[in-house]
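For reference, positions follow the sequence shown, starting with 1. As the structure lists them, so they are numbered: ligands from 1, and atoms in each ligand from 1. Note: hydrogens, waters and symmetry copies are ignored here, and every other heavy atom, side chains too, is used.
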Amino acid sequence: DKGGWSSFMAKEVSEEPDAVANTLRGRVRDGHVVIPELDGMDELFTNVSRIIVIACGTAAYAGLVGKYALEQWTRIPVDVELAHEFRYRDPVLDPGTLVVSISQSGETMDTLMAVKYARERGAKTLSICNTQGATIPRESDAIVYTHAGPEVAVASTKAFVAQITALYLLGLHIARVRGWARSGTEESMQVLELEAIPGKIARILEREQERIEQLAHWMADTRSVLFLGRHVGYPIALEGALKLKELAYIHAEGFAAGELKHGPIALIEPGQPVFVIVPSPRASADMHKKVVSSIQEIRARGARVIAIAEEGDVAVLPFADEVLRIPLAEPLFEPLLAVVPLHIFAMALATAKGLDVDQPRNLAKSVTVE
Ligand code: M6R
């Protein structure tokens, strides 16, 4: 039931705040992360020497975001790999390897086969999944469910923010078990940040939705859109591009902003729309400056720049054609906010083109063949 919304996707994007809140519910207590599903796994988390995240599509981008937080908090090296690539390259696996799979449906065949492969070769497996009792969690040693609620639209939206939330909870949990140099206060600071995310997403939906829809309307004839991001903004650029491809059937590509001068800048011609996810200057003044200078470079070549920047960042104003605002958050948590305007944009552009946003052509909600 669409509950009065024009599409399941519109309903599910509006549920992004709840997806995060429900994934956190019952898992934070007095500033600490508590995941009862992981009781009895302390020894594994203490001894693990490597984490490999496997997933496909949007779930893999959630994994890429999670890598930054997991490495920062746990100091365990994390690789993120597409499930279908992983098992055809003879990966190095041993009992010290924890393979974390991410899947909304829990039925994606590529991911399932990779989990089985990892298990057969002695790795421990943990599944982050949105569907209770699905095949992938049943094949895994441990499960952390996301509680995004049923996702019907083919494009994954609320499950994505729930997946990042679950990875962050897992990261904080493992960090504490390993007694890593992070004090309890630091853990509670991160927990507070997580708890503030639903309200901040709601604010973006409230304040920016209409403007993004108008922007999409103006851009209905656009043939190509580029997305740039840096650090945790990079996987968000990839996610923004994937959503636009699958929903609006136009060429879209995401790049690491620093990669621009190594090739992609050749694509910039007058009128080319480019979304740029601007990292907070509080994360790193240097990185912020570099992204602003990337904006200047593409603008000088005629690009039409749509910046996604935190409230109060005025450095982008002279160079961007449009600035979409996200509330302030600690840098690692910005992806949970920056992705929201991109989900709205892809949906709005497809709608402006008269396309069915819930059932894009050639795609299935869960890909049960390899
Ligand atoms: O059910 P899963 O999370 O395993 O699905 C993985 C991908 O097929 C999925 O995220 C796909 O990329 C979405 N249609 C993207 O919106």
Side-chain angles (χ1 to χ4, degrees), residues 7-13 15-16 19 23 53-66 80-87 99-116 118 125-140 143-167 227 235-250 252-254 335 339-340 342-347 349-350 355-370:
S7 63
F8 280 107
M9 186 176 177
K11 173 172 181 272
E12 288 159 10
V13 169
E15 289 167 349
E16 288 190 7
T23 300
V53 178
I54 50 171
C56 301
T58 284
Y61 298 149
L64 283 174
V65 172
V80 182
E81 217 173 322
L82 294 169
H84 36 88
E85 288 294 322
F86 169 74
R87 76 192 179 94
V99 170
V100 176
S101 68
I102 309 174
S103 175
Q104 186 287 130
S105 62
E107 301 296 344
T108 299
M109 188 58 79
D110 287 314
T111 308
L112 173 63
M113 295 313 280
V115 168
K116 285 187 171 170
T125 55
L126 184 151
S127 152
I128 292 181
C129 182
N130 196 47
T131 312
Q132 298 278 334
T135 313
I136 296 171
R138 277 195 277 119
E139 290 287 337
S140 304
I143 315 168
V144 176
Y145 281 112
T146 47
H147 296 296
E151 195 179 61
V152 178
V154 164
S156 188
T157 54
K158 62 175 181 172
F160 177 73
V161 288
Q163 285 159 350
I164 296 173
T165 305
L167 279 165
F227 295 82
I236 297 305
L238 300 176
E239 164 67 2
L242 175 64
K243 282 294 166 306
L244 203 57
K245 281 176 217 164
E246 72 174 331
L247 294 170
Y249 317 151
I250 59 180
E253 232 180 313
V339 75
V340 179
L342 298 181
H343 283 167
I344 301 170
F345 177 72
M347 177 169 66
L349 192 64
L355 300 170
D356 179 348
V357 294
D358 286 340
Q359 285 290 340
R361 69 184 180 201
N362 308 340
L363 289 168
K365 179 64 182 162
S366 103
V367 184
T368 51
V369 290
E370 277 185 277

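Comment: E16 does not engage K158 in a salt bridge, judged by the lack of any side-chain N to carboxylate O separation of less than 4.0 angstrom.
Annotation: atom 15 (C) of ligand 1 to nearest protein heavy atom, E246 OE2, 2.9 Å. Closest to atom 5 (O) of ligand 1 among all protein heavy atoms lies T108 OG1, 3.5 Å. From the protein, the heavy atom lying nearest to atom 8 (O) of ligand 1 is V367 CG2, 4.2 Å.
Considering both main-chain and side-chain atoms, S103 comes within under 3.5 Å of ligand 1 through a nitrogen or oxygen pair. An N or O contact shorter than 3.5 Å is missing between T111 and ligand 1 by distance. Geometrically, ligand 1 and Q163 share no nitrogen or oxygen pair separated by less than 3.5 Å.
Residue contacts with ligand 1, taken as heavy atom pairs separated by less than 4.0 Å, do not involve E107 at all.
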What's the verdict on side-chain contact (heavy atoms from CB on, under 4.5 Å) for F227 and L244, showing C-alpha distance, side-chain angles and the deciding distance?
CA-CA 10 Å; F227 295 82; L244 203 57; 3.9 Å; yes
Check the pair E107, T368 against side chain to side chain donor-acceptor pair (under 3.5 Å), reporting the backbone distance first and the verdict last.
CA-CA 6 Å; E107 301 296 344; T368 51; over 6 Å; no
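Side-chain atoms of Q163 and T146 include no donor-acceptor pair closer than 3.5 Å. Checked by atom type, the side-chain pair K243/T58 shows a donor-acceptor distance below 3.5 Å.
Taking every heavy atom of S105 and a limit of under 4.0 angstrom, the matching atoms of ligand 1 come to 1 (O), 2 (P), 4 (O). Here is the list of ligand 1 atoms found below 4.0 Å of a heavy atom in A155: 16 (O). Every atom of ligand 1 is numbered from 1 in the order shown, and the set under 4.0 Å from a heavy atom of Q104 is 1 (O), 2 (P), 3 (O), 4 (O). Residue C56 approaches ligand 1 through these ligand atoms, each under 4.0 Å from one of its heavy atoms: 6 (C), 7 (C), 10 (O). Taking every heavy atom of V154 and a limit of under 4.0 angstrom, the matching atoms of ligand 1 come to 13 (C), 14 (N). Near S156, with a cut-off below 4.0 Å to any heavy atom, the atoms of ligand 1 are 15 (C), 16 (O). Residue contact check: T58 has heavy atoms under 4.0 Å from atoms 10 (O), 12 (O), 15 (C), 16 (O) of ligand 1.
With Y145 contributing its side chain and G133 its backbone, the two residues share a donor-acceptor pair below 3.5 Å. For N130 (side chain) and A159 (main-chain N/O), no donor-acceptor pair under 3.5 Å exists by modelled atom type. A donor-acceptor pair is defined here as one N or O able to donate and one able to accept, closer than 3.5 Å; no such pair exists between the side chain of S140 and the backbone of L126. For E151 (side chain) and Q104 (main-chain N/O), no donor-acceptor pair under 3.5 Å exists by modelled atom type. The backbone N or O of A153 lies less than 3.5 Å from a partner atom in the side chain of K365, making a donor-acceptor pair.
Distance OG/S101 to CD1/I128: 7.5 Å, rounded to 0.5 Å.
Under a 4.0 Å heavy-atom criterion, S366 is not in contact with ligand 1. Residue K243 places a heavy atom less than 4.0 Å from ligand 1.
Selection from C129, G57, A346 by nearest heavy atom to atom 12 (O) of ligand 1 gives G57.
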